[in-house]
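All remarks here apply to the structure that follows.
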Amino acid sequence: MPLILICTGLARRLNLGRFLKRIQMIDHIRGLLISALARNGFTYNDSIQVERPKQESFGHYTTNLALALAKTLRQPPLEIAQKIIKALPETELIERAEVKAPGFINFFLCPKVLQKAVTEVLSIGADYGRLNVGKNQRVQVEFVSANPTGPLTVGHGRQAVLGDTLARILEWVGYQVDREYYYNDAGRQMRILGHSVYWRYRQLLGWTGEFPEDHYQGEYIVEIARKVMQEHGDALQEDPENKVFRIVAEEAIFEDIKNTLKRLDIVFDYFYNEKSLYENGQVNDVLTRLKAIGASYEKDGAIWFRAGQYGGSDDRVLWKSVVDEATYRLPDIAYHVTKFERGYDLVIDIFGADHHATYPDVLAGLQALGYDTARVRTLIHQFVTLIRSGEKVKMSTRKATYITLDELIDDVGRDVARYFFLMRGMKSHLNFDLDLAKTESEENPVFYLQYAHARICSILRNAALKKLNYERDCDLTLLKEEETLSLLNTIMEFREIIVICLSTLEPQHLTTYLQKIATTFHKFYTIHRVISDDQELTRARLALVKAVQIVLANGLTLLGITAPQRM
RNA sequence: GCCCCGAUAGCUCAAGUGGAUAGAGCAUCUGCCUUCUAAGCAGGUGGUUGCAGGUUCGAGUCCUGCUCGGGGUACCA
């Protein structure tokens, strides 16, 4: 299965282990373990797993190394773990290590290490959590890519927010990212769009015939028709094929789409249109090249692609015989060729589940042409099911039975909309209950996060009024209660979460993490007073909450959500 | 028919490459504001992870078969 090979190739390209080297502490513990293995004469060839345990009672980090070794060493894992733990080199960073059944080794960091996180966050500030793994490599993220036949719907919203957030994360870790929107302005859909405008235009001029059922029914078509009428009067009455209809529609709709995206704080670098691929001869060029290497053949008057030989399943038609035009595959392949020609190191395509069948053919085409398809990463997200009054809303652009993204933003605002789209994994179907989103917008999880940020800002304002200086020379060793250490630990985890987001390309891990740090902070806040009579303790705690505020703000910025000063 | 995704608490969903006692929010019940923001905190109720097998020290996660839901499977995009 070549597709699987491609996937593993990608996994290697986005290798987690490589990124984890950026996490000092994990690397440090791994180093300790390697020495301990050597002292025991054990050999272990895989990379050693050092991860965060589910529960804090199991320490700050844990490894299953002894369990993994049990089989080859033919010894009980608990004994192996004991031997490893005894052979661990001395270190000032680890307070203690313990063995727990069935053979885990858990590491507890020294408070000093946790406390140092505050110093680091405060000195790095708005850049805390950045990693330089991208090294200015160029990445293209293609998303939305909806044809301009109508306003963006809630369904598009998921993809828009997902793509933009991934782009933000990639930029954050040092990639040079381009956001690209691909659209098809040459196909059948756009012809129907033009005709839809034409018939509405006729109606405005007094025509009383029936508007075609299979044309775009939306009210926006009438507005566009009105615009055509203002510009051209009745001159085009007998000219349904006049391209004016299509062009005016396309411009007006794109204007709308861009505005909607802007409201979500999404701005594209490039809009790439299919038509140009024909005009520049790139479609033809791909056809010629495929023919030249014998990857295509003629049958029944059509031109077929030997997809089966390049990782696809069945052979596919590239050029139709019944009509003299290409199938969508050919320009899609040509389009992806331009991505390579434009020199991207990594290409991320985001599609809805309805397109999942098209990309294997595109990849097969690229492979046939000799491109390194491991550079292309395809993300498929499942659909959004909209629930209104307890019932599913079946959406169709054609029938204009949709909820527009604009309407959603009107109702819940940018922050809630973005957060809702991001809080679920892209592989799961997203049930978006409109009524719930509206009526409960006060009880929304996003407010919980923002509230934590606002609360801290409030504390810092109070501190400023009292002219309390905490930025330097405060005694961080005073930060030692259970809830405090837990908060410090969570701050440290931020970088690791970025790594996980990168390796999985799923921003959802970040939303989960931000919930966690907000919870940890709220708990701390309830138990411990920041500003008190104890000056030294006050200064230390101010530094701590400032660090939390920075992490929250950085995380929210990555999600494209505002971090309010007060609520 | 075949392919892809899903099925986890009453509801919406988590659980990075197989790890420890499967976690949150909403809903519901009980407490907590003379104190930096109660949009908060603490606790209770709630589970055979769709069903049946298998792989192994160990499965929500991997494999096989089935059930249900979504999306594909065109010389539509």
Side-chain angles (χ1 to χ4, degrees), chain A residues 11 15-17 20 46-47 49 51-55 57-58 62 64 67-68 70-71 76-77 100-104 106 145 147 184 187-189 274 300-304 313-314 316-323 325-329 331-332 352-358 360 380-383 385 387 423-433 436 440 442-445 447-452 454-463 466 496-497 499-504 506 508-509 511-512 515-516 518-519 521-527 529-532 538 541-542 545 566-567:
Chain A
N15 188 301
L16 186 54
L20 283 176
D46 292 334
S47 85
Q49 286 182 29
E51 52 191 12
R52 290 279 182 174
K54 276 183 188 167
Q55 293 176 54
S57 63
F58 292 141
T62 187
N64 65 349
L67 290 160
K71 196 163 208 175
K100 271 279 169 76
F104 293 100
N106 299 332
S145 295
N147 286 340
N184 168 349
R188 189 168 146 269
Q189 282 184 54
E274 182 189 15
D300 306 328
I303 300 174
W304 294 70
S313 44
D314 300 319
R316 305 289 189 188
V317 170
L318 291 173
W319 199 274
K320 305 172 191 176
S321 62
V322 290
V323 196
E325 63 180 26
T327 64
Y328 63 87
R329 287 183 196 91
D332 273 5
D354 56 338
H355 279 66
H356 88 264
T358 72
I380 310 283
H381 67 88
Q382 298 300 309
F383 282 177
T385 306
I387 312 280
M423 66 196 278
R424 307 301 182 208
M426 70 179 95
K427 277 184 297 185
S428 73
H429 300 105
L430 177 59
N431 273 329
F432 206 119
D433 190 323
L436 209 70
E440 294 206 331
E442 292 290 308
E443 300 263 324
N444 231 291
F447 290 103
Y448 181 80
L449 285 186
Q450 293 180 314
Y451 185 56
R455 260 185 160 175
I456 295 172
C457 290
S458 177
I459 296 172
L460 295 175
R461 276 194 301 272
N462 288 330
K466 296 184 178 178
E496 294 162 37
I497 297 301
V499 168
I500 289 172
C501 286
L502 259 186
S503 68
T504 58
E506 289 185 10
Q508 181 217 352
H509 295 289
T511 63
T512 310
Q515 284 294 327
K516 180 180 171 186
T519 300
F521 166 73
H522 284 309
K523 279 181 187 170
F524 163 84
Y525 177 93
T526 309
I527 297 172
R529 231 191 123 70
V530 176
I531 300 174
S532 66
T538 297
R541 285 184 177 164
L542 281 171
V545 298
R566 49 183 99 222
M567 284 173 75

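Note that these values count all heavy atoms, side chains included, but never hydrogens, waters or copies made by symmetry. Protein chains get the first letters and strands the later ones, always in sequence-line order, with residue 1 at the start of each.
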Please list, for nucleotides 74-77 of chain B, all pairs of protein and nucleotide N/O atoms separated by less than 3.5 Å.
{"unit_1": "B:C75", "atom_1": "O2", "unit_2": "A:Ser321", "atom_2": "N", "d": "2.7"}
{"unit_1": "B:C75", "atom_1": "O2", "unit_2": "A:Val322", "atom_2": "N", "d": "3.1"}
{"unit_1": "B:C75", "atom_1": "N3", "unit_2": "A:Ser321", "atom_2": "N", "d": "3.4"}
{"unit_1": "B:C75", "atom_1": "N3", "unit_2": "A:Ser321", "atom_2": "OG", "d": "2.6"}
{"unit_1": "B:C75", "atom_1": "N4", "unit_2": "A:Ser321", "atom_2": "OG", "d": "3.4"}
{"unit_1": "B:C76", "atom_1": "OP2", "unit_2": "A:Lys320", "atom_2": "NZ", "d": "2.4"}
{"unit_1": "B:A77", "atom_1": "OP2", "unit_2": "A:Tyr328", "atom_2": "N", "d": "3.0"}
{"unit_1": "B:A77", "atom_1": "O3'", "unit_2": "A:Asn184", "atom_2": "ND2", "d": "2.9"}

Item to check | Paired and unpaired positions of RNA chain B as dot-bracket, Watson-Crick or G-U wobble under 3.5 Å, | denoting a partner strand | outcome: (((((((..((((.....[...)))).(((((.......))))).....(((((..]....))))))))))))....

Which whole number of Å gives the distance between the [atom1] atom of [N] and that of [M]?
| N | M | atom1 | result |
| --- | --- | --- | --- |
| B:A9 | B:G23 | P | 14 Å |
| B:C3 | B:A24 | P | 39 Å |
| B:A42 | B:C5 | P | 38 Å |
| B:U61 | B:A15 | P | 14 Å |
| B:G70 | B:G50 | C1' | 16 Å |

Please tabulate, one pair per line, each protein N/O and nucleotide N/O from nucleotides 41-43 of chain B that are separated by under 3.5 Å, including the distance.
{"unit_1": "B:C41", "atom_1": "OP1", "unit_2": "A:Tyr448", "atom_2": "OH", "d": "2.5"}
{"unit_1": "B:C41", "atom_1": "O4'", "unit_2": "A:Thr526", "atom_2": "OG1", "d": "3.2"}
{"unit_1": "B:A42", "atom_1": "OP1", "unit_2": "A:Lys523", "atom_2": "NZ", "d": "3.4"}

Next on the checklist: Quiz question: going by heavy-atom distance under 3.5 Å, is there a donor-acceptor pair between the base of B:A20 and the side chain of A:Asn64?
Outcome noted: no

Item to check | A:Phe383 ring over B:G71 six-membered base ring, under 5.5 Å and 30° | outcome: no

Checklist entry - Hey, is A:Phe104 doing a stacking thing with B:G19, by the 5.5 Å centroid and 30° angle criteria? => result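 Whether judged by distance or by angle, A:Phe104 falls short somewhere, so it does not stack on the base of B:G19.
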
Item to check | From B:U37, B:C57, B:U17, nucleotide with atom closest to A:Arg461 side chain | outcome: B:U37

Next on the checklist: What's A:Thr62 touching, base or sugar-phosphate or nothing? Going by heavy atoms closer than 4.0 Å.
Outcome noted: base

Next on the checklist: A:Ala454: which residues meet the side chain to side chain contact (heavy atoms under 4.5 Å, CB included) condition with it, sequence neighbours left out?
Outcome noted: A:Met567

Item to check | With A:Lys516 via side-chain hydrogen bond (donor to acceptor under 3.5 Å, both in side chains) - residues at least two apart | outcome: A:Glu493

Item to check | Summary of protein contacts for nucleotides 8-15 of chain B, nucleotide by nucleotide, where a base hit scores B, a sugar-phosphate-only hit scores S (4.0 Å, heavy atoms) | outcome: ----BSSS

